Amino acid sequence: MVVPSLNCVTDGAPPSPGDFTPLKSTPPPPHTDQLPRSRRASARIHETKQRQEAKQRLEKERLIRKRVQLLDEPEEQQSSAKKPRVYSCRQDGEGINGVEAKPKAEQQQLPEREREKKDEEVERAMDNAARQIALEMPTSDVLPASGLASGKSAYAQVKDTLRTFNKYYLSFVQEEESRCKKKDTAKKTPNSKSPSKSKSPKSKSPKLKKPGRGVKATKPDTKSTSKRPDLKAVTKMLETNAVMYPKKRIGDLPGIDVGHQFYSRAEMVAIGFHGHWLNGIDYMGMGYQKEYKNYTFPLAVAIVLSGMYEDDLDNADEVTYTGQGGHNLTGDKRQIKDQVMERGNLALKNCVEQSIPVRVIRGHVCKSSYVGKMYTYDGLYRVSRYWAEKGISGFTVFKYALRRLEEQPILTTNQVHFTNGRVPQAISEIRGLVCDDITGGLEDIPIPATNQVDNPPVPPTGFSYLKSIQVAKNVKLPKNTAGCDCRGNCVDPRKCACAKLNGSDFPYVHRDGGRLIEAKDVVFECGPSCGCGPSCVNRSSQRGMKHRLEVFRTPKKGWAVRSWDFIFSGSPVCEYVGVLKKTEDVDTLTGNEYIFDIDCLQTMRGLEGRERRLRDVSLPNGETIPFEESKSDSVPEFCIDAGRSGNVARFINHSCTPNLFVQCVLSSHQDIRLARVVLFAADNIPPLQELTYDYGYVLDSVMGPDGKIKRVQCYCGGADCRKRLY
């Protein structure tokens, strides 16, 4: 794997043997026939050449030491006897950060094990230097001002930023779906404006001239703009200043730990973790020179390993990375011209000379991602050396040796796709199985229960499973209201009556079986009185559960729920099912932790700290929201009791940083007090991650039978945990 490093390379042309200066003595590579070979020479000439090279290296080291200072030191410190801290890329045997150097001749006489030990000490010292640089970077501009103002942690800010990106992404998906429908309709509909064959010879349509001769060729309008919703979403993030880290930074970024998974390159751009959706090398340009006076720019900050180059070698902790440029963008990874020492290539070279660590992101195949790949952050790597060589296709390429810094979490991306474990493929593979199907066959997809906590293990008991809402005897549901007149599927939001209630557009996109673009006060779906069929996109939450769920036992939180399948953001997960009752009928019950208040009205009015949502909804016939002012504003009139009868939603736990959100949905009627309660995915949720939502309790709002305030500890473990459930 290791190839002798070569230092100086002329831009744009294959280097000659005399143009290279070795940076480090290493064993010969496996493909030495591809490297320039040095000429034979007598021992005396060879020794003279070695002395000259040693002088050159010492001079280069002196220049680097003078040039590469991390921080400006006060004048009194500069005049003191204390030696300033210097970080530089020193070569083997020349010493680094206190490692004493020995003469070249003496090194050659050392036993092989001693030399290896010496090399390890030098590598370790250089790793420490790179790690120290990352730790001592200025941190005044690390966290966005919005995050500091709101009191949210960096992890919560990352979640919020990705949710904003997903909202923009889905809105542009809807725009693209609409464009494709219009295009398909135009193909099926004959063009009435096209010239008729019966026209007289004098009536001729104008000939299209070639571009550059006065008249531009008429082309379809579809090619004028990008059709990539993810790239449009990134552009929207940049335009609205919604990118979390707009300024590039060396080292780790708060909120992104080793193992964090991105589901597209565009997500990394939205966070500011890697600044380009296509290029492999992200770097700080010359514009950062005023802010970081002690560095030589450009400087690389992050690279993506995604198999785009045929010369890449990846052995986990050690990587041989091929520079950028010169390869075929059609996907066959072939090099078609020489690479040039500029931009990202020059930025990585400067990282070698200044011991600057870079973030390494590994891309690997993922069917769940809309781009077909998932990108996992693998930690900080030091760019130890670089060289140039003839690539597999015969063109000059730059190679960079990267070494993973120690004291980081272990992660091998090609082995770990989902960090929580392996998804079972059959019932026989489930560990701790205590129930094959808690639904008793009522759901289309069985829901098993597992228990590896209790001894002996027991299944969930004390309830009967319900697939749909049951209504108490003293609760009367409104009659079904008139629906839309669409046939087949609802297509045109300007004509669909249900779409008009949602702000003159459909709340869902067709992609991935129906995804809600964003949370709203209430979603109006098509119902039993509508003319459309069950496959209509505006019935997405009515199709039952689509994911393979599992109920499992936890040490502190009781029963919990997770999915074996990937869940896309905006996808409906399940409805909260139980017995629909009046709130006043359950106030006297004690010990029932499965009561869900239908508080859509309170959410729309933002009462008691509830987060107000998008208000682009309207009730039919100009009706106002039904609300009795005589009653307490904070008390919902109806609730769903899943204590004795309910579905899988009753087992979903609370979290202060949830991955689901609650959405009120109306379909058969428009009485918002009796809306359906549906849980949707707030994020892209990988398999085996626990499903959670915010219960919305106000602290000190729950009273016990003795009239005293009840306090229950929260065990969600989130970065922004409130420490108490209520």
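This is a predicted model, so every value here is computed, not measured. Atom set for the values below is all heavy atoms of this structure, side chains included, hydrogens, waters and symmetry mates excluded.
For the pair R382 (side chain) and L402 (backbone), a donor-acceptor distance under 3.5 Å is absent. Distance alone, capped at 3.5 Å, places no donor-acceptor pair between the Q261 side chain and the P686 backbone. In this structure a side-chain-to-backbone donor-acceptor pair under 3.5 Å is missing from S571 to I567. The closest donor-acceptor contact from the side chain of E175 to the backbone of P229 lies at 3.5 Å or more, if one exists at all. Side-chain atoms of N279 do not come within 3.5 Å of backbone N or O of I303 as any donor-acceptor pair. A donor-acceptor contact shorter than 3.5 Å links the side chain of R539 to the backbone of C532. Within the 3.5 Å criterion, the main-chain N or O of H510 finds a donor-acceptor partner in the side chain of E177. Looking at D282, its side chain does come within 3.5 Å of a backbone N or O of G275 through a donor-acceptor pair. One N or O on the side chain of R249 and one on the backbone of D252 form a donor-acceptor pair closer than 3.5 Å.
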Would you please test R515 and S569 for side chain to side chain donor-acceptor pair (under 3.5 Å) and show each step? CA-CA 7 Å; R515 295 168 65 179; S569 64; 3.0 Å; yes
Please step through ring-ring contact (aromatic ring centres under 6.0 Å, His included) for the pair F262 and F273, ending with a clear verdict. CA-CA 10 Å; F262 298 92; F273 198 71; 5.5 Å; yes
Output, in order, the C-alpha distance, side-chain angles, deciding distance and verdict of side chain to side chain contact (heavy atoms under 4.5 Å, CB included) for E267 and H274. CA-CA 9 Å; E267 283 191 3; H274 190 288; over 6 Å; no
Before giving the answer on salt bridge (charged side-chain N to carboxylate O under 4.0 Å, His left out), spell out for E291 and K247 the whole-Å C-alpha distance, their side-chain angles and the decisive distance to 0.1 Å. CA-CA 11 Å; E291 188 174 355; K247 297 179 67 176; 3.4 Å; yes
Take F524 and K500 through the side chain to side chain contact (heavy atoms under 4.5 Å, CB included) test and state the conclusion after the steps. CA-CA 9 Å; F524 291 91; K500 293 178 181 179; over 6 Å; no
Checking C664 against C600 for the disulfide bond (SG atoms under 2.5 Å apart) test, could you report, in this order, the C-alpha distance in whole Å, the side-chain angles of both residues, the deciding distance, and whether it holds? CA-CA 6 Å; C664 292; C600 301; 1.8 Å; yes
Verify side chain to side chain contact (heavy atoms under 4.5 Å, CB included) between L691 and L549, making sure each step is shown before the conclusion. CA-CA 10 Å; L691 304 180; L549 303 181; 4.0 Å; yes
Determine, stepwise, if the pair V319 / R362 fulfils side chain to side chain contact (heavy atoms under 4.5 Å, CB included). CA-CA 11 Å; V319 175; R362 298 174 182 266; 4.0 Å; yes
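Interatomic distance, OH of Y168 versus CZ of R163, reported as 15.5 Å (0.5 Å rounding). Between R265 atom CZ and L231 atom CG the span is 11.0 Å, to the nearest 0.5 Å. A distance of 9.0 Å separates CE in M284 from CD1 in I356, rounded to the nearest 0.5 Å. The structure places OG of S369 at 7.5 Å from CZ of F568, a figure rounded to the nearest 0.5 Å.
Within a 6.0 Å sphere centred on NZ of K337, other residues, nucleotides and ligands contribute 12 heavy atoms or fewer. Atom NZ of K546 has more than 12 heavy atoms from other residues, nucleotides or ligands within 6.0 Å.
Between D720 and K152 there is no salt bridge, since none of the side-chain N atoms of the basic residue sits less than 4.0 Å from a carboxylate O of the acidic one.
Centroid-to-centroid, the aromatic rings of Y321 and Y400 stay 6.0 Å apart or farther. The six-membered or imidazole ring of Y263 lies near that of F566, with a centre-to-centre distance under 6.0 Å.
Aromatic ring orientation, Y693 versus Y695: tilted (interplanar angle from 30° to 60°).
N350 and Y283 are not linked by any side-chain donor-acceptor pair at a separation below 3.5 angstrom, with hydrogens and angles left out of the test. Residues R228 and Y169 have side chains that never bring a donor and an acceptor to within less than 3.5 angstrom of each other. Inspection of the E525 and S541 side chains reveals an N or O donor paired with an N or O acceptor under 3.5 Å. Counting only N and O atoms by type, the side chains of H364 and T376 include a donor and acceptor under 3.5 Å apart. Checking Q324 against N345 by side-chain atom types alone, no donor-acceptor pair falls below 3.5 Å. Neither side chain, Y697 nor D694, offers a donor N or O lying under 3.5 Å from an acceptor on the other. Q174 and Y508 are not linked by any side-chain donor-acceptor pair at a separation below 3.5 angstrom, with hydrogens and angles left out of the test.
Of all the heavy atoms in S540 and V537, the pair that sits closest is OG-O, 2.7 Å. V677 and E575 get closest at one heavy-atom pair: O-CG, 3.2 Å. Here the closest heavy-atom approach between residue I517 and residue S171 is recorded as CG2-N, 4.0 Å. The shortest heavy-atom contact between V523 and P507 is CG1-CG, 3.7 Å. Across all their heavy atoms, C498 and N538 have their closest contact at CB-ND2, 3.7 Å.
Side-chain contact between V678 and Y576 is absent, with no heavy atoms from C-beta onward closer than 4.5 Å. Residues P687 and W564 have side chains not in contact (no heavy-atom distance under 4.5 Å, counting atoms from C-beta outward). Contact check for F661 versus L516: side-chain heavy atoms found under the 4.5 Å cut-off. The shortest side-chain heavy-atom distance between L162 and M244 does not fall under the 4.5 Å cut-off.
Residues satisfying the side-chain hydrogen bond (donor to acceptor under 3.5 Å, both in side chains) test with D257, not counting sequence neighbours, are Y155.
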